[in-house]
Amino acid sequence: MEQRKLPLVILTGPTAVGKTRLSVELAKRINGEIISADSMQVYRGMDIGSAKVTPEEMQGVVHHLIDEFDPKEEFHVVRFQEYARKYIHEICSRGKIPILVGGTGFYIQAVLYDINFTENGSDSSYRESLEHLAKTEGAEVLHRMLREVDPESADAIHANNVKRVIRALEFYHETGQKISEHNEAEHRKESPYRFAYFVLNDERETIYRNIDLRVDQMMEQGLINEVKALKEQGCTRDMVSMQGLGYKEILDYLAGDQTLEEAVRILKRDTRHFAKRQLTWFRRERDVIWVDKNKYDYDTEQILRVMMQVLEVKEIIQRRS
RNA sequence: GGCGCGAUAGCCAAGUGGUAAGGCACGGGUCUGCAACACCCUUAUCACCGGUUCAAAUCCGGUUCGCGCCU
């Protein structure tokens, strides 16, 4: 029974730790294909700002969920889950190993534990009315509404977090069930995969330094022109894709709301904040295997060797004779 | 050497007698259809010494440091 589970390798970590390079090396060794778990690299035309893998960097390793959507489309967890699931099956049926690589922890969680996001109709009207209410009556009103139907969620979600309060209300409205109960049940699920969840990490200072460097490189590579092109295509700030780091800041600059210097400063700062939040997320995920680069002397060979050992023990790959 | 101004958390900064606003950074956390999103928590006794007062970051004197001006 246990052996019937499909294998799945996950490689994640904070932004700018070096996931991409390592993932390609790993894929080559275990005959894997990569599924990107990155909420921004899915979009076409967003290459520099999302630090997307280049074709050269791929070194022939097959990548999925890169450049598959238009920036004007709305991509989100549910779609990600759907596609990732499909690719995992395809890859396994080819006798290869799927490797989920990327920094979007929420996406990884959705796939790894096969979380059930109960389908909703297309009635955005309820959500819209709540959004309107929040604007006119204030966030507390919504929170009180939530307290009435789902006090546990009201306790867990801060009133100021309007987005989440609305989702909880919407969930109750659509299913008649409390999202807090639903979440609790989903949380207990066991993964349908035989997996190894690696989190690549490094010293905080080093990560931050790399972020600053990378942003400078992005600017040199022409991030401004990339964003300009997207803007000319009709991309606007309210689109999900344009909320990505590097896009929103440059868009503000192009709109004249900010000097370039300030935009870059904020971009660096917010990217550091993001890395920190990612680490907080991975810290509380269960079953993660931390791979601290500094503890392996930054030696890729050594890191790969350790990862391979884990994969063998977990019987995700065959033991080499 | 003299005169004036200033000295508040890592940074910026409010507060001029009643027991230290706020912002940023750092750190920690939440997250189950927008997640590179959204949101929450967290930091000082006010340069130093002495005095006045029931009470001082706030008033007085001195010291140190910084800035400006003068000789």
Side-chain angles (χ1 to χ4, degrees), chain A residues 12 14-16 19 36-43 46 48-52 71 73-82 102-124 126-128 130-131 134 139 142-143 153 155-171 173-175 177-189 204-205 208 211 214-215 218 237-251 262 265-285:
Chain A
T12 184
T15 189
K19 297 183 287 293
S36 167
D38 187 296
S39 63
M40 292 298 147
Q41 295 192 11
V42 279
Y43 296 113
M46 294 174 53
I48 299 171
S50 74
K52 194 181 286 170
E73 285 183 84
E74 195 166 305
F75 188 76
H76 50 73
V77 222
V78 180
R79 291 187 90 172
F80 173 78
Q81 191 188 42
E82 181 191 321
T104 310
F106 187 33
Y107 284 11
I108 291 169
Q109 185 187 63
V111 170
L112 178 57
Y113 293 104
D114 200 35
I115 287 161
N116 173 30
F117 300 99
T118 55
E119 208 53 51
N120 90 12
S122 46
D123 75 323
S124 54
Y126 183 66
R127 179 183 289 212
E128 279 160 20
L130 290 178
E131 280 166 357
L142 285 189
H143 198 247
S153 288
D155 283 340
I157 307 170
H158 193 279
N160 288 350
N161 202 346
V162 178
K163 241 179 182 175
R164 299 271 145 74
V165 172
I166 287 179
R167 167 87 275 251
L169 281 166
E170 184 182 56
F171 186 89
H173 178 76
E174 279 166 4
T175 65
Q177 196 197 350
K178 297 176 183 177
I179 198 169
S180 52
E181 286 174 1
H182 174 259
N183 289 349
E184 209 185 316
E186 292 297 306
H187 183 68
R188 264 179 277 196
K189 277 169 108 174
R204 193 69 67 93
E205 275 180 68
Y208 286 179
I211 287 171
R214 187 150 95 173
V215 169
M218 285 177 179
R237 255 217 83 149
D238 55 287
M239 302 198 289
V240 179
S241 60
M242 291 301 106
Q243 273 161 36
L245 288 163
Y247 298 93
K248 53 169 178 274
E249 295 82 5
I250 299 299
L251 237 29
E262 183 68 355
R265 205 205 96 229
I266 291 174
L267 172 55
K268 286 177 177 172
R269 184 196 68 189
D270 287 356
T271 306
R272 287 195 294 266
H273 288 349
F274 171 52
K276 183 171 175 292
R277 256 181 284 130
Q278 286 176 302
L279 287 166
T280 301
W281 178 283
F282 299 131
R283 240 179 257 139
R284 63 168 206 149
E285 279 286 0

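Since this is a predicted model, take the numbers as computed values, not measurements. Each chain gets a letter, A, B and so on, in the order the sequences are listed, and its residues count up from 1.
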Among [options], which nucleotide has an atom closest to any side-chain atom of [X]?
X: A/Arg164; options: B/A25, B/A36, B/A35; value: B/A35
X: A/Gln243; options: B/C26, B/U32, B/C37; value: B/C37
X: A/Asn183; options: B/U32, B/G33, B/G28; value: B/U32
X: A/Phe106; options: B/G33, B/C40, B/A36; value: B/G33
X: A/Val77; options: B/G33, B/C24, B/U32; value: B/G33
X: A/Arg204; options: B/U32, B/G27, B/C34; value: B/G27
X: A/Lys248; options: B/C40, B/A36, B/G33; value: B/A36
X: A/Asn161; options: B/A38, B/C37, B/A35; value: B/A38
X: A/Glu131; options: B/A35, B/C26, B/C34; value: B/C34
X: A/His76; options: B/G33, B/A36, B/U30; value: B/G33

For [N] and [M], measure between their [atom1] atoms and round to the nearest Å.
N: B/U58; M: B/G15; atom1: C1'; value: 8 Å
N: B/A20; M: B/A56; atom1: C1'; value: 12 Å
N: B/C11; M: B/G51; atom1: P; value: 30 Å

Students often get this wrong, so: under 4.0 angstrom with heavy atoms, is [X] touching a base, only sugar-phosphate, or nothing?
X: A/Phe75; value: sugar-phosphate
X: A/His273; value: sugar-phosphate
X: A/Arg188; value: nothing
X: A/Tyr43; value: nothing

Would you kindly compare A/Phe171 and A/Gln278 by the position of their nearest RNA chain B nucleotide and give the one closer to the 5′ end?
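It is A/Phe171 whose nearest nucleotide is closer to the 5' end.
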
Residue met sooner reading RNA chain B from 5', once A/Trp281 and A/Ser50 are mapped to nucleotides
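Upstream on the strand: A/Trp281.
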
May I ask you to decide if A/Phe75's main-chain N or O and A/Tyr43's side chain share a donor-acceptor pair within less than 3.5 Å?
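Yes, A/Tyr43 side chain to A/Phe75 backbone: donor-acceptor pair under 3.5 Å.
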
With A/Arg269, which residues qualify under salt bridge (Lys or Arg N to Asp or Glu O under 4.0 Å), at least two apart?
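Residues passing salt bridge (Lys or Arg N to Asp or Glu O under 4.0 Å) with A/Arg269: none at all.
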
Mind telling me whether A/Tyr107 and A/Phe80 have parallel, tilted or perpendicular rings, with 30° and 60° as the class edges?
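Rings of A/Phe80 and A/Tyr107: parallel, under 30°.
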
Integer-rounded Å distance: B/A35 P and A/Lys163 NZ:
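My rounded result for the distance is 7 Å.
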
Round to a whole Å and report the spacing from CZ of A/Phe274 to C1' of B/A25.
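Atom CZ in A/Phe274 sits about 20 Å away from atom C1' in B/A25.
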
Under the 3.5 Å rule, do the base of B/A36 and the side chain of A/Asp270 count as making a donor-acceptor pair?
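Absent.
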
Quick check: closest heavy atoms across A/Thr15 and A/Ile211, and the distance to 0.1 Å?
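Residues A/Thr15 and A/Ile211, closest heavy atoms: CG2-CD1, 3.9 Å.
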
